[in-house]
Participant: 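My questions will all concern the structure given below.
Because the structure is predicted, anything quoted here is derived from the model rather than measured. Letters go in sequence order (proteins before strands), and every chain restarts at 1.
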There are 2 protein chains.
Amino acid sequence: MRTLSLADHYDGRVAHESSLVNQLTDLLIAGELRPGVRLSETALAGRFDVSRNTLREAFRVLGEQGLLQHVPNRGVSVASPSTADVIDIYRVRRTIECSVLERAPRNHPSAEAMRAAVDRARSAAQAEDWLQVGTANMAFHNALVSLSDSPRLMRSFGNVLAELRLAFLKVEVLDFLHAPFVDRNHEVLEVYLSESPAAAAAILGHYLGDSERQVLGAYARAGQS
Amino acid sequence: MRTLSLADHYDGRVAHESSLVNQLTDLLIAGELRPGVRLSETALAGRFDVSRNTLREAFRVLGEQGLLQHVPNRGVSVASPSTADVIDIYRVRRTIECSVLERAPRNHPSAEAMRAAVDRARSAAQAEDWLQVGTANMAFHNALVSLSDSPRLMRSFGNVLAELRLAFLKVEVLDFLHAPFVDRNHEVLEVYLSESPAAAAAILGHYLGDSERQVLGAYARAGQS
DNA sequence: CTAGCACCGATTGTTCTACAAACCTAGATC
DNA sequence: GATCTAGGTTTGTAGAACAATCGGTGCTAG
């Protein structure tokens with residue numbers, strides 16, 4: 001039995017070349033294909049034991065999701081978000097996450113998923129498995145947006161969040177960046193459940209601002225643009 | 001010289017199979033490929049004089065954009081938004097458009113594009129060219145979202161708006177649906193420029209609510225789900 | 001007559017081969 | 001040292017081929 005992939009959490013993709021998309025997504029999110037590296041068609045096709053054509057179809061999908069960058073006649077490479085991209089990503093996050101949380105109903109099943117993500121992040125943090133912490137963090141915020149019950153918001157947001165993961169991987173200081181997230185996710189969840197969605201949204205807004213500053217700081221230190 | 005396609009307005013795509021994506025997008029938006037119709041690979045490949053492989057790559061792109069629906073082993077068909085889709089699309093519109101307009105700076109170059117779109121809509125409405133009115137309407141709201149200077153918001157929103165166009169085409173009562181838009185776009189623009197972004201956002205919120213009701217009404221009358 | 005079942009044609013999924021076009025690099029020339 | 005040219009490499013695209021899957025047709029059994 002194949003271990004449940006991160007991509008499987010998003011949408012119920014099925015067999016065939018969709019599974020290729022999932023496999024690639026997993027590699028990207030796991031950081032095995034590092035941001036910026038060029039992806040040779042023949043090489044990757046060989047690695048996954050698929051034809052070039054099939055691989056190219058997967059490339060188009062992931063390109064449209066923002067995980068791969070496609071330059072005509074020069075092939076595709078793993079997206080490597082610039083500081084401008086990071087700023088844009090956080091703008092989208094604030095717009096979508098805060099807006100969703102503010103209007104979220106009080107008792108929504110996704111709250112369960114949010115709590116589960118917090119717990120997973122807790123465990124992973126104690127084990128100092130920062131990649132897992134990052135994964136749980138993504139799951140938390142995806143669950144938060146799914147409070148909206150809007151497939152389109154969830155899809156767009158999921159893409160943006162996956163892109164942000166690439167930004168984290170680009171400046172690989174995962175422990176430092178992910179440590180504060182765990183408690184703040186928990187705080188947002190508690191306020192949402194015990195006080196009000198609006199109050200939680202306000203906290204989330206600050207949270208995202210701080211998070212953005214941290215990432216941009218890491219970019220500056222790493223000398224990345 | 002090729003006439004400027006609608007798709008060209010979105011992003012600066014270049015040559016090759018991207019132009020195939022643009023061609024297909026134009027056909028979809030123009031309603032020449034009606035919502036729900038199945039797209040045969042060999043037939044379309046012949047029509048555009050490209051190979052099946054190339055066409056399939058374009059299919060994956062448009063599928064990811066939500067314009068085509070891809071069912072494994074059963075091919076692709078033009079997306080045919082259900083009422084649930086329409087509701088979701090308007091939820092996204094409210095979330096993004098209102099949020100963007102509320103925070104929009106006072107003097108943004110996109111205001112020019114918005115005014116141009118209003119003018120085009122005016123002319124087209126007088127000529128009773130409702131398809132053009134719809135196109136100008138799309139341009140207006142795309143310009144509105146570009147007030148955010150956020151490429152990702154613009155991209156996601158553009159996809160959703162194109163999908164909505166398919167919803168309009170599905171219940172083809174274009175004149176009735178598009179007529180009120182012209183003046184209300186103008187109103188939103190004026191209030192944004194002369195009063196305040198926040199006031200304009202409030203008006204836009206009502207506008208979108210009314211628009212949603214109209215579309216859903218048309219769906220009900222057409223007996224569509 | 002209807003429910004089920006086997007078959008068959010059509011379409012999609014995927015691979016392979018082939019080649020033109022664009023790109024990158026390195027060596028040659030001035 | 002800068003520019004140009006040639007060659008190898010990679011991408012873009014076409015086309016043929018075949019397995020897998022789907023949809024419908026007609027047959028059979030009850």
Participant: Can you tell me which nucleotide in C:dG13, D:dA14, D:dG12 comes closest to the side chain of B:Val50?
Facilitator: D:dA14
Participant: Can you tell me how far C1' of C:dA20 sits from CG of A:Asn73, to the nearest Å?
Facilitator: 11 Å
Participant: Have A:Arg152 and B:Ser156 got a donor and an acceptor in their side chains that come within less than 3.5 Å?
Facilitator: no
Participant: Just the rounded figure in Å: distance from P of C:dG13 to CZ of A:Phe48.
Facilitator: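 Between P of C:dG13 and CZ of A:Phe48: 20 Å.
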Participant: Less than 3.5 Å between a donor and an acceptor, one on the side chain of B:Asn53 and one on the base of D:dG15, is that the case here?
Facilitator: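 Yes, a donor-acceptor pair under 3.5 Å.
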Participant: Phosphate oxygens OP1/OP2 of D:dA14: is one of them under 4.0 Å from a side-chain N or O of B:Ser51?
Facilitator: yes
Participant: Using the ring of each side chain (for Trp, its six-membered ring), is A:Tyr207 parallel, tilted or perpendicular to A:Phe181, with breaks at 30° and 60°?
Facilitator: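 It falls in the tilted class, 30° to 60°.
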Participant: Quick check: any donor-acceptor pair below 3.5 Å linking the side-chain of A:Arg74 to the base of D:dG12?
Facilitator: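 Side chain to base: no pair below 3.5 Å.
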Participant: Is the shortest distance from a Lys or Arg side-chain nitrogen in A:Glu64 or B:Arg60 to a carboxylate oxygen in the other one below 4.0 Å?
Facilitator: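 No salt bridge links A:Glu64 with B:Arg60.
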Participant: Look at A:Thr54 and C:dG13 and indicate whether a side-chain polar atom (N or O) is within less than 4.0 Å of OP1 or OP2.
Facilitator: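 For C:dG13, neither OP1 nor OP2 has a side-chain N or O of A:Thr54 closer than 4.0 Å.
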Participant: Within the 4.0 Å heavy-atom criterion, would you say B:Leu39 contacts the bases, only the backbone, or no part of the nucleic acid?
Facilitator: sugar-phosphate
Participant: Side chain of A:Ser40 only, please: which of D:dG12, D:dA17, D:dT11 is the nearest?
Facilitator: D:dT11
Participant: Is the phosphate of D:dT11 approached by A:Arg56 (side-chain N or O, under 4.0 Å from OP1 or OP2)?
Facilitator: no
Participant: Taking atom types as modelled and ignoring hydrogens, do the side chains of B:Ser82 and B:Asp85 form a donor-acceptor contact shorter than 3.5 angstrom?
Facilitator: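 There is such a pair between these side chains.
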